[in-house]
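Single-structure report; data block below.
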Amino acid sequence: MKVEQFFDISVPLSDCTPVWPGDNHFHFEPRVQIKDGAICNSSSVFCTVHCMTHADAPKHYIDDGKDMASVDLSRFMGNSKVREVITEGDLIEEVDLAKLDIEEGDAILLKTKNKGLLTDGVFHKQYVSIGRSGAEYLVRKKIRCIGVDYVGVERFYSKDGIIHHTLLEHEIGIIEGLLLDDVPVGDYFLCALPLKIVGSDGSPVRAVLMKFAGE
């Protein structure tokens, strides 16, 4: 199959990348370098597993939940729908999602008024996220994955993590930090595979969208 359109929807990582307050910042460090006489370049990275564009495993909010090495990878790849959702406030509720063509087994990637927040070098505590009725609606629709265009599927000031719990208890894949600013609404093939990290509650992903010729 020939790829007709391709979108890299991952946020670049650097030492300047903002992270959730309290998380470990991304750090890239060359270990040996050719310019110093080594036969190759080899580097190390250190960061939170929830750094910018990343996936959440059930273990993130459920102590005995599946870790990232055990999740169903089909949650993070396959056919997907990029849809724009318009909200009056900062919470996406059932009334907002009910306007979209959401079906069982869908991977839904939501474009919101968060545009620009991922790339301005600042961590924002106010952003559009999913509300309780919205999360419960997605569970009833039996989607396989939800992707959002900021680093939190849940509002920053949540005290109970109810949105994560609601989604992860049903093993709905969560991808946070998707750079959808320049992606037109449409249907695409998604690939956002997490690293197979044993025991991990999350993983960075390199998320891409593709549209094949003839589709």
Side-chain angles (χ1 to χ4, degrees), residues 9 11 18 20-21 50 52-62 65 71-72 74-76 78-120 122-188 190 192 201-202 205 207 209:
I9 54 173
V11 179
W20 196 274
H50 301 277
M52 276 302 174
T53 312
H54 68 277
D56 288 348
K59 189 175 179 65
H60 188 29
Y61 274 80
I62 304 167
V71 296
D72 179 358
S74 69
R75 303 288 182 182
F76 304 102
N79 293 330
S80 67
K81 296 176 177 178
V82 175
R83 297 293 185 264
E84 185 170 14
V85 60
I86 307 298
T87 59
E88 290 188 8
D90 288 336
L91 291 178
I92 302 169
E93 300 289 5
E94 177 177 352
V95 66
D96 306 305
L97 295 171
K99 301 172 185 177
L100 307 179
D101 56 327
I102 299 176
E103 300 174 319
E104 182 175 343
D106 277 349
I108 302 294
L109 313 183
L110 296 176
K111 288 171 62 84
T112 74
K113 57 185 178 183
N114 288 331
K115 183 174 181 178
L117 297 188
L118 284 172
T119 54
D120 65 0
V122 177
F123 182 87
H124 297 268
K125 295 183 179 181
Q126 184 170 347
Y127 51 87
V128 175
S129 59
I130 296 177
R132 185 163 188 169
S133 71
E136 292 171 347
Y137 178 78
L138 295 174
V139 169
R140 292 199 305 274
K141 297 297 283 188
K142 298 181 179 180
I143 67 167
R144 75 176 195 280
C145 178
I146 181 69
V148 293
D149 59 354
Y150 199 59
V151 292
V153 72
E154 192 153 1
R155 66 189 183 96
F156 178 79
Y157 294 101
S158 172
K159 301 297 184 183
D160 54 12
I162 188 61
I163 306 305
H164 280 91
H165 276 284
T166 300
L167 298 171
L168 294 173
E169 284 172 2
H170 292 83
E171 296 195 10
I172 292 174
I174 296 176
I175 310 173
E176 297 169 321
L178 292 174
L179 192 57
L180 298 173
D181 294 3
D182 299 320
V183 180
V185 167
D187 298 346
Y188 300 89
L190 166 71
D201 47 88
V205 302
L209 293 174

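If you're wondering where the values come from, they're calculated on a predicted model, not measured in any experiment.
When atom types are taken as modelled, the side chain of Lys81 and the backbone of Asp106 share no donor-acceptor pair closer than 3.5 angstrom. For the pair Glu84 (side chain) and Lys111 (backbone), a donor-acceptor distance under 3.5 Å is absent. Under the 3.5 Å distance criterion, the side-chain polar atoms of Asp181 are left unmatched by any main-chain donor or acceptor of Lys115. Ser133 places a side-chain N or O within donor-acceptor distance of the main-chain N or O of Glu94, the cut-off being under 3.5 Å. The backbone N or O of Tyr188 sits less than 3.5 Å from a side-chain atom of Ser80, completing a donor-acceptor pair. When atom types are taken as modelled, the side chain of Asp149 and the backbone of Thr112 share a donor-acceptor pair closer than 3.5 angstrom. A donor-acceptor contact shorter than 3.5 Å is absent between the side chain of Thr53 and the backbone of Leu178. At distances below 3.5 Å, at least one donor-acceptor pair connects side-chain atoms of Glu154 with backbone N or O atoms of Ile162. No donor-acceptor pair under 3.5 Å is formed between the side chain of Glu104 and the backbone N or O of Lys142. Between the Arg155 side chain and the Leu91 main chain, no donor and acceptor come within less than 3.5 Å of each other.
Counting non-hydrogen atoms of neighbouring residues, nucleotides and ligands closer than 6.0 angstrom, the CD atom of Glu169 exceeds 12 such neighbours.
Taking the charged nitrogens against the carboxylate oxygens, Arg83 and Asp101 do have a contact shorter than 4.0 Å, which makes a salt bridge.
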Are Val151 and His50 close enough, and set up right, to give a side-chain contact (heavy atoms from CB on, under 4.5 Å), and what steps lead you there? CA-CA 8 Å; Val151 292; His50 301 277; over 6 Å; no
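Using cut-offs of 30° and 60° on the angle between ring planes, the pair Tyr61 and His165 is perpendicular.
In this structure, Phe123 has its ring center under 6.0 Å from that of Phe156.
The minimum heavy-atom distance linking Lys113 with Asp90 is given by the pair CE-OD1, 3.7 Å.
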